[in-house]
Peer 1: 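Mind having a look at this structure? Questions to follow.
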Amino acid sequence: MAVGRIIKALSGFYYVQSKEGIYACKGRGVFRNKKITPLVGDFVEFDIRNEDEGYIMKVKERSNELVRPPIANIDQVCIVNAAVSPDFSPLLLDRFLVLVESKHIQPLIFITKMDLVPSQEVDRLKEYQAIYKNLGYEVKLLSSKEPEWITEIMPYFKDKVSVFAGQSGVGKSSLLNLLDPDLYLETAEISKSLGRGKHTTRHVELLAIGEGLVADTPGFSVLEFSDLEAEDLGVCFPEIRTQMQDCKFRGCLHDKEPKCAVKEAVANGSIAAFRYNHYLRFLEEIKSRKPRY
Ligand SMILES: Nc1nc2c(ncn2[C@@H]2O[C@H](COP(=O)(O)OP(=O)(O)OP(=O)(O)O)[C@@H](O)[C@H]2O)c(=O)[nH]1
Ligand SMILES: [Mg+2]
Ligand SMILES: [Zn+2]
């Protein structure tokens with residue numbers, strides 16, 4: 001039995017990298033009955049069938065996994081946002097942050113296409129950068145058209161498995177092409193009429209970048225909190241996490257409850273109102289989620 005790691009999933013095949021080489025593998029038949037879906041990033045045991053094909057026999061236990069994008073055993077998620085085209089959306093950024101925080105994975109924030117931002121709007125993005133930095137997040141305002149960013153962000157990938165996540169068209173593949181021009185990843189213009197990307201990247205793939213592995217992923221348009229409970233939402237916001245122990249009631253959801261330290265912090269300006277509004281919005285979404293059986 002050989003061992004390796006899935007580096008790509010495409011058209012029903014899992015591409016397993018091992019010291020013997022890369023093998024296109026199918027999952028074992030019993031996986032379907034057992035509801036085991038191998039993911040990119042998984043460590044697996046596989047049977048070599050011929051010089052470049054095999055069968056995955058066992059998926060090893062994961063340290064973590066994301067559903068969107070589908071990937072396992074990662075160290076950090078680079079949440080890629082565009083400054084413009086599509087316009088920067090703090091709401092979408094917060095959605096990604098909550099999803100990543102809920103899995104206890106380190107997020108890193110990239111805001112691309114700064115070269116397209118009119119000079120009078122640069123300050124607005126810098127304000128957001130300052131707000132998120134204050135929360136403890138690393139935030140880079142950059143451009144894939146300016147190669148000097150390579151030296152600035154390359155060190156973040158050293159010895160780590162990172163994932164690029166973000167809406168379609170924000171520039172995930174472009175940024176990876178900047179980091180390694182030999183990749184030639186496909187990128188595409190934003191459709192002008194729809195203002196969104198065309199989902200150019202169609203599969204998840206781990207690529208060797210610098211001294212680490214980075215996954216390019218397809219963008220997507222829906223992002224739901226399908227396995228997050230209302231009482232676990234607060235800890236996904238660093239500023240709520242630090243205030244909530246001062247709430248009067250245990251299990252305070254920082255919504256209608258009296259003597260809530262979080263609401264006091266919003267009122268006195270130490271928690272940004274827009275972040276708290278996003279919290280309330282996500283809380284509502286989680287509460288109104290249909291039960292799943
Ligand atoms: N001016 C400018 N254009 C950029 C930048 N980054 C990406 N683009 C353009 O934005 C478009 C979309 O970029 P992609 O890299 O394909 O976006 P993606 O996030 O990989 O999209 P999906 O694969 O669909 O998820 C392309 O036309 C890129 O040339 C940037 O920093 N500046
Ligand atoms: Mg892409
Ligand atoms: Zn509270």
Side-chain angles (χ1 to χ4, degrees), residues 8 10 68-71 77-89 92 96 110-118 122 125 140-150 152-153 163-181 183-192 194-205 207 214-223 230-235 237 239-268 270-271 276 279-280 283:
K8 176 162 91 167
L10 186 63
R68 278 172 175 247
I71 191 159
V77 178
C78 308
I79 305 173
V80 184
N81 314 264
V84 287
S85 176
D87 280 345
F88 175 64
S89 162
L92 195 58
F96 275 108
F110 290 148
I111 300 180
T112 59
K113 309 198 191 186
M114 286 303 291
D115 58 299
L116 298 178
V117 177
V122 170
L125 288 151
K140 295 281 171 198
L141 304 182
L142 47 85
S143 161
S144 300
K145 307 287 174 194
E146 292 156 6
E148 55 268 31
W149 281 104
I150 299 174
E152 184 91 17
I153 61 175
V163 183
F164 275 24
Q167 236 181 322
S168 186
V170 294
K172 299 179 293 298
S173 302
S174 302
L175 197 52
L176 287 166
N177 282 338
L178 176 78
L179 294 167
D180 182 355
L183 288 173
Y184 297 109
L185 298 173
E186 201 190 336
T187 64
E189 289 304 326
I190 299 280
S191 128
K192 285 270 183 303
L194 295 170
R196 54 183 157 88
K198 287 180 280 196
H199 300 278
T200 311
T201 304
R202 303 210 162 262
H203 63 274
V204 178
E205 179 168 9
L207 308 155
V214 183
D216 192 13
T217 72
F220 32 81
S221 33
V222 265
L223 208 52
E231 51 276 22
D232 300 326
L233 182 63
V235 294
F237 288 73
E239 68 274 55
I240 293 181
R241 188 158 66 218
T242 52
Q243 291 291 339
M244 58 196 278
Q245 49 259 47
D246 296 330
C247 294
K248 170 110 199 246
F249 297 102
R250 273 190 65 179
C252 180
L253 291 178
H254 329 300
D255 182 10
K256 306 270 174 358
E257 296 86 349
K259 303 231 157 86
C260 167
V262 171
K263 282 194 284 179
E264 279 163 28
V266 176
N268 73 27
S270 54
I271 287 182
Y276 177 64
Y279 167 81
L280 288 181
L283 185 66

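No experiment lies behind these values; they were computed from the predicted model shown. For the numbers below, each heavy atom of this structure counts, side chains included, while hydrogens, waters and symmetry mates do not. Order of listing sets the numbers, starting from 1, for every ligand and every atom in it.
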Peer 1: Please check this pair: side chain of K145 against backbone of K113, looking for a donor-acceptor N/O pair closer than 3.5 Å.
Peer 2: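 Pair absent, no side-chain N/O of K145 close to backbone of K113.
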Peer 1: At under 4.0 Å between heavy atoms, which part of T201 makes contact with ligand 1: side chain, backbone, both or neither?
Peer 2: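 T201 to ligand 1: contacts from backbone and side chain alike.
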Peer 1: Do you see a donor-acceptor pair shorter than 3.5 Å between the side chains of T200 and T187?
Peer 2: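 Judged by distance alone, the side chains do not pair up.
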Peer 1: Using 30° and 60° as the class boundaries, would you call the ring planes of F237 and Y279 parallel, tilted or perpendicular?
Peer 2: perpendicular
Peer 1: Taking I79's backbone N and O only, do any of them form a donor-acceptor pair with N81's side chain (distance below 3.5 Å, no angle check)?
Peer 2: yes
Peer 1: Would you check the N or O atoms of T112, main chain and side chain alike, for any that come under 3.5 Å of an N or O of ligand 1?
Peer 2: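 No, no N or O pair falls under 3.5 Å.
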Peer 1: On a heavy-atom basis, I'd like to know which of P218, S173, A188 is closest to atom 16 (O) of ligand 1.
Peer 2: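 It is A188 whose heavy atom sits nearest to atom 16 (O) of ligand 1.
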Peer 1: Please work out the angle at the Zn ion (ligand 3) defined by atom SG of C252 on one side and atom SG of C260 on the other, rounded to 10°.
Peer 2: 110°
Peer 1: Measure from the side-chain N and O atoms of K172 to the backbone N and O of Q167, and report whether any donor-acceptor pair falls under 3.5 Å.
Peer 2: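 Present.
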Peer 1: Distance under 4.0 Å to a non-hydrogen atom of G219: what atoms of ligand 1 satisfy this?
Peer 2: 25 (O)
Peer 1: Determine whether the side chain, the backbone, both or neither of V170 has a heavy atom under 4.0 Å from any heavy atom of ligand 1.
Peer 2: both
Peer 1: Can you confirm, on distance only, whether ligand 1 has an N/O atom lying under 3.5 Å from any N/O atom belonging to D216?
Peer 2: no
Peer 1: Would you mind checking if K140 and E152 are paired as a salt bridge, meaning a charged N to carboxylate O distance below 4.0 Å?
Peer 2: yes
Peer 1: Within S173, is some N, O or S atom less than 2.8 Å away from the Mg ion (ligand 2)?
Peer 2: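 Here the distance criterion (N, O or S atom, under 2.8 Å) is met by S173, so yes.
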Peer 1: So, 2.8 Å as the limit: is an N/O/S atom of S174 located closer than that to the Mg ion (ligand 2)?
Peer 2: no
Peer 1: Only one of R250, K256, H254 forms a side-chain contact (heavy atoms from CB on, under 4.5 Å) with C252, so which one is it?
Peer 2: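 For C252, the side-chain contact (heavy atoms from CB on, under 4.5 Å) test succeeds with only one of R250, K256, H254, which is H254.
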Peer 1: Checking one value in my table: which N/O/S atom of H254 lies closest to the Zn ion (ligand 3)?
Peer 2: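 Minimum-distance N/O/S atom of H254 relative to the Zn ion (ligand 3) is ND1.
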Peer 1: Say whether L116, considering both its backbone and side-chain N or O atoms, lies within less than 3.5 Å of an N or O atom on ligand 1.
Peer 2: no
Peer 1: Below 4.0 angstrom from a heavy atom of T187, which ligand 1 atoms are there? Numbered from 1 as shown, please.
Peer 2: 14 (P), 15 (O), 16 (O)
Peer 1: Main chain of V80, side chain of T112: is a donor-acceptor contact present, judged purely on distance under 3.5 Å?
Peer 2: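 No: the side chain of T112 does not pair with the backbone of V80.
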